[in-house]
Amino acid sequence: MFISSKQLIGSVAAAFALVLTSGATSPLVAQSVPGVTATEVVLGGLHPCSGPASAYCTIGKGAAAYFAYVNDKGGVNGRKITYKDLDDAYSPPQAMQLARQLVEQDHVFAMFNTLGTPSNTAIRPYLNQNQVPQLYVATGATTWAHDSSQYPWTIGWQPDYQSEAIIYARNLLKVAPNAKIGVIYQNDDYGKDYLAGLHKGLGPKSSLIVKEVSYETTDPDVSSQIGQLKASGADTFFIFATPKFALQSLVIAAQQSWHPTIYLNNVSANDVVMKGATEKGGATATAGVISVGYLKDPLDPRWANDSGLALFKQIMAKYAPGVDTSNLFYMYGCGAAYTMVDTLQKAGRDLTRQKLMDAAIHLNEANNPFVMPGIVVQTTPSNHFPITQEQLAKYDNGRFVPFGSIIDARPIIASESK
Amino acid sequence: MQELAQQVVSGLASGSIYASMALALVLIYRSMNVINFAQGEMAMFTTFIAWQLVQQGLPLWAAFTATIAVAFVGAVLLERIVIRPVERAGPLTIVIVTLGLLITFNGLAGLFWGYVIKSFPSPFPAAPINIGGVAFSSQDVGIILVSLASLGVISLFFAKTKLGLAMRAAALYPAASQVLGIRVSWMLALGWGLSAVVGAISGMMVAPVVFLDPNMMQGIVVYAFAAAVLGGVESPLGAVVGGLILGVLLNLLGTYVEFVGTDLRLAVAFAIIVAVLLIRPAGLFGRVSVARV
């Protein structure tokens, strides 16, 4: 490319003029922010509605329902939210292409709740390079917080996998300080994140772990791994696995007549897994399995008269009629969308991407109606883990019954995130 | 000692899963000298049909029988409609067509039944069996017995029936068979039908163990390829033995070789298979093919 000196001088002068005028009149700045007008703010999202992970599609629907409800109430700072939620089929290359489309063609103001560790990892460099906020990604990897100095425009929402494992470890050290622990984990970043959290939570007592085994997602079954854990003499079993392999682990342990105390990661602590395992492995396969929760489970009778649950049901009935509201993913979508609206509100009427990011790292949200009372959605510039509190729950008679108080992993996890 | 026994038994159970699928691959290979990459997805798809029939209230064995019939007819039709036009186009074209079928069946299953894992009823009792501290399920025993039974029936069919002989002839000497009055093209379709039946049985046997979803067979079919090649891709007996060896080998490597562990056992097992093939290129039970030039 050749630029004559005359053209160069001209363009520099023009740039100067632009800087001068824009500094003088602030409305011009507001207009130049992509995706923001006086009456509208555009957000982009990615959820898999086809492909192997399409069960998560409902999260986007839950969020969209909450935005529709807010819009009917007048929107945020006078602006209605337009949520462009696309299907990336849980495929990183598709996520990349759609993220470009959302940023460059649809001119979204920010990305909200894009789902999946692989997809978010793929689009993170691009979004950060273009300084597009990537808010409240739907994955529990610790990298969103731990690598925030390198990627300051990205932040998670849900409890991270390490925090969850730390909470299990603290519970275990209290109730069974001499436990012999066996662990099965998925041999990738997701499984290793949990394993690292368990080691952190146990601290000097990591020696309680007598056996760690891994599986590949291509393994047909995990009977060999369970056999090794049983032979190691472990009496406590941590399952850091996706639903299919968690289900197999529960069933095979029962079939091999191994009945340890079981901790099951939140990712797989759902109806499909627990009912399936009970059916195949008998009631002993699932009785007393321990997991965690942080959202208000619509099936939990504790919330029968709760105003948050009533609001959830009212929103879903009006803006997503006919869906199965016992599905916790809708609750997740509403909860994350609530924090998003809260953040937009705090960023103020004079909206910029920088202000939005500032608001996202100064969260102090004690009143999210969709998460359990007592849990504060909280961030600071040096701590990018919005939710670190969870409550333990034990599987009993067809559902998870919460017990104990809400436990906070923040003291341990935050000390790592400098 | 008890752990060793447990690992061998688990290995035989996993191995019989690979073996049952490998049998279906061998059947197709025997009838047209090409590997059908869609074999696993066809098995998965027919298993979903069985699941649907059970959901509709059909008794398990009736659903099994109906599914086997559907698998046979469906695969014969598939061969007539999709494979026949490219029958003479060379192996590479057929391989690409089967890859297309793989993607199609996977997508269709997702479309019809979704991606949420489903539990599939087992024809065998659920109570675990425990002998001297070694535990396994009656499902494990069932898969091994069914694989061996399939092997027996297939061997008898090829060795003792005229139809079986005709199929072998059609695959080995198509032109000569044609002259002798064998309808070579229909023998191919029959091969597809039979292998789909074996695949359907395999799918319905493994689904209670690994749980049913559209990606159920993708991991298994890779192991089945390995088992078939190890045993000799033309030999049904080789497929079964190869599957069982692979299952036990993986477990023992993962448990007893410290630096291999569960992380590396797959890579090491495949390296061992490659080493075996270097010494016996036709596989353990394969015939060395001799071409007259």
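Predicted model, so just to flag it, every value in this text is computed and none were measured.
- Counting heavy-atom pairs under 4.5 Å between each of B:A135, B:P214, B:G261, B:P121 and chain A puts B:A135 at the top.
- Here B:G254 is the residue among B:G254, B:G110, B:G107 with the most heavy-atom pairs under 4.5 Å with chain A.
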How about the chain B/chain A donor-acceptor pairs under 3.5 Å, what are they, with distances?
| unit_1 | atom_1 | unit_2 | atom_2 | d |
| --- | --- | --- | --- | --- |
| B:Q7 | OE1 | A:S224 | OG | 2.8 |
| B:Q7 | NE2 | A:S224 | O | 3.0 |
| B:S14 | OG | A:D221 | OD1 | 3.1 |
| B:S119 | OG | A:E279 | OE2 | 3.2 |
| B:F120 | O | A:K280 | NZ | 2.3 |
| B:N130 | ND2 | A:S257 | OG | 3.4 |
| B:V210 | O | A:Q248 | NE2 | 3.4 |
| B:Y223 | OH | A:D219 | OD1 | 3.1 |
| B:N251 | OD1 | A:S224 | OG | 3.2 |
| B:T255 | OG1 | A:Q228 | NE2 | 3.1 |
| B:T262 | OG1 | A:S214 | N | 3.0 |
| B:T262 | OG1 | A:S214 | O | 3.4 |
| B:T262 | OG1 | A:S214 | OG | 3.2 |
| B:D263 | OD1 | A:S214 | OG | 2.4 |
| B:R265 | NH2 | A:D219 | OD2 | 3.4 |

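- Only the side chain of B:V116 has a heavy atom closer than 4.5 Å to any heavy atom of chain A.
- With chain B as the partner, the residue from A:I226, A:V272, A:L247, A:V251 showing the most heavy-atom pairs under 4.5 Å is A:L247.
- Of the two parts of A:A277, neither the backbone nor the side chain holds a non-hydrogen atom closer than 4.5 Å to a non-hydrogen atom of chain B.
- Of the two parts of A:V213, the backbone and the side chain both hold a non-hydrogen atom closer than 4.5 Å to a non-hydrogen atom of chain B.
- Among pairs with a residue in residues 10-20 of chain B, none fulfils salt bridge (Lys or Arg N to Asp or Glu O under 4.0 Å), at least two apart in sequence or across chains.
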